[in-house]
Amino acid sequence: MSQQQKQSMFISIDGIDGVGKSTQIQRLTEYLEGRGREVMTVRDPGSSEVGGKLRKLLLESDLVMHRRTEAMLFMASRCEMVEASIRPELDRGLTVISDRFLLANVVYQSIGGEVAAEELWQLGLLANGNLRPDFTILFDMPAASAMQRIKGPTDRMESRGVEYMEAVRQQFLTQLPHSSDSVAVVNADQSADAVTEEMLARVAEFLSNA
Ligand code: TMP
């Protein structure tokens with residue numbers, strides 16, 4: 001592996017529920033591995049023992065809690081994931097792809113106005129020791145189409161309905177520039193192959209400037 005390829009890189013992927021992140025993350029992983037990179041993927045919330053327990057609490061339960069409480073639990077989960085998994089692998093020169101990161105926290109927990117987006121950026125950076133992605137990809141599509149793609153029972157966030165999810169979509173577009181120095185919006189409202197093509201073009205562009 002060349003010196004260039006050994007350089008660590010941290011990519012986060014986000015978007016409203018139902019945009020098809022999982023398939024694209026798998027394809028992105030294959031693409032980067034094909035370019036000689038060692039890739040680790042993580043999922044926020046999750047990817048640690050603590051994170052797994054918090055994910056269950058946050059998504060599968062019907063617990064009622066204040067938005068700030070909810071925000072802090074997502075942050076606690078991310079703190080553990082950053083310290084236990086992401087930072088050690090970045091230190092080893094790996095490429096880490098995170099399925100969601102702090103951007104999602106700011107976006108989902110600021111809808112409704114109980115907690116300000118700026119406050120969540122500050123708290124979130126504090127919680128993850130100032131780690132920011134090098135590159136953030138946002139998959140974008142109308143909430144009505146995305147929600148039609150969701151199969152099976154809805155989780156706590158999805159059950160908030162299409163109006164909430166459209167507000168989430170707009171907030172993603174507003175907050176995206178704060179996530180990383182390099183960001184890309186990919187149109188997710190097309191075939192999976194077309195989405196991949198657009199995503200990889202943006203990734204290639206990013207890599208050529210990195
Ligand atoms: P997913 O991992 O299956 O995409 O779902 C995670 C859900 O949790 C999704 O609805 C977004 C939401 N979420 C937050 O509300 N705040 C957060 O900080 C994160 C990471 C996710």
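Numbers here simply count residues along the sequence, with the first being 1. We use all heavy atoms of the structure for the numbers below, so side chains are in, but hydrogens, waters and symmetry mates are not. Each ligand, and each atom within it, is numbered from 1 in the order the structure gives.
Proximity of L59 to ligand 1, defined as any heavy-atom pair under 4.0 Å, is confined to the side chain (atoms from C-beta onward). Contacts between D17 and ligand 1, counted as non-hydrogen atom pairs separated by less than 4.0 Å, involve the side chain only.
Considering only non-hydrogen protein atoms, atom 11 (C) of ligand 1 sits nearest to Y108 CZ, 3.4 Å. Nearest to atom 18 (O) of ligand 1 among the protein's heavy atoms is R78 NH2, 2.9 Å. Of all protein heavy atoms, the one lying nearest to atom 4 (O) of ligand 1 is R100 NE, 2.8 Å. If you check which protein heavy atom lies closest to atom 12 (C) of ligand 1, you get M157 CG, 3.8 Å. Closest to atom 14 (C) of ligand 1, if we only count protein heavy atoms, is F74 CZ, 3.2 Å. Annotation: atom 16 (N) of ligand 1 to nearest protein heavy atom, Q109 OE1, 2.9 Å.
Between the side chain of E158 and the main chain of D155, a donor-acceptor pair closer than 3.5 Å is present. With hydrogens and angles disregarded, a donor-acceptor distance shorter than 3.5 Å links the side chain of R156 to the backbone of L58.
Side chains of Y31 and T196 form no contact here, defined as non-hydrogen atoms less than 4.5 Å apart.
In this model, no donor atom of one side chain and acceptor atom of the other lie less than 3.5 Å apart for Q109 and E114.
Within the 4.0 Å heavy-atom shell around ligand 1 one does not find R156. Between R55 and ligand 1 there is a heavy-atom distance shorter than 4.0 Å.
Comment: E80 does not engage R55 in a salt bridge, judged by the lack of any side-chain N to carboxylate O separation of less than 4.0 angstrom. Ion pair D17/R149 not flagged as a salt bridge, since none of the NZ, NE, NH1 or NH2 atoms sits closer than 4.0 Å to an Asp/Glu carboxylate oxygen. Comment: R87 engages E83 in a salt bridge, judged by a side-chain N to carboxylate O separation of less than 4.0 angstrom. One finds a salt bridge joining D140 and R169 here, because a Lys/Arg side-chain nitrogen approaches an Asp/Glu carboxylate oxygen to under 4.0 Å.
Residue-to-ligand polar distances place K21 within reach of ligand 1: an N/O pair is separated by less than 3.5 Å.
In the hydrophobic cluster analysis, where Ile, Leu, Val, Met, Phe, Trp and Tyr join through side-chain heavy atoms closer than 4.5 angstrom, L126 is grouped apart from I86.
Of all atoms in ligand 1, listed by their number and element, those nearer than 4.0 Å to a heavy atom of D44 are 20 (C). Near N105, meaning under 4.0 Å from any of its heavy atoms, are these atoms of ligand 1: 16 (N), 17 (C), 18 (O).
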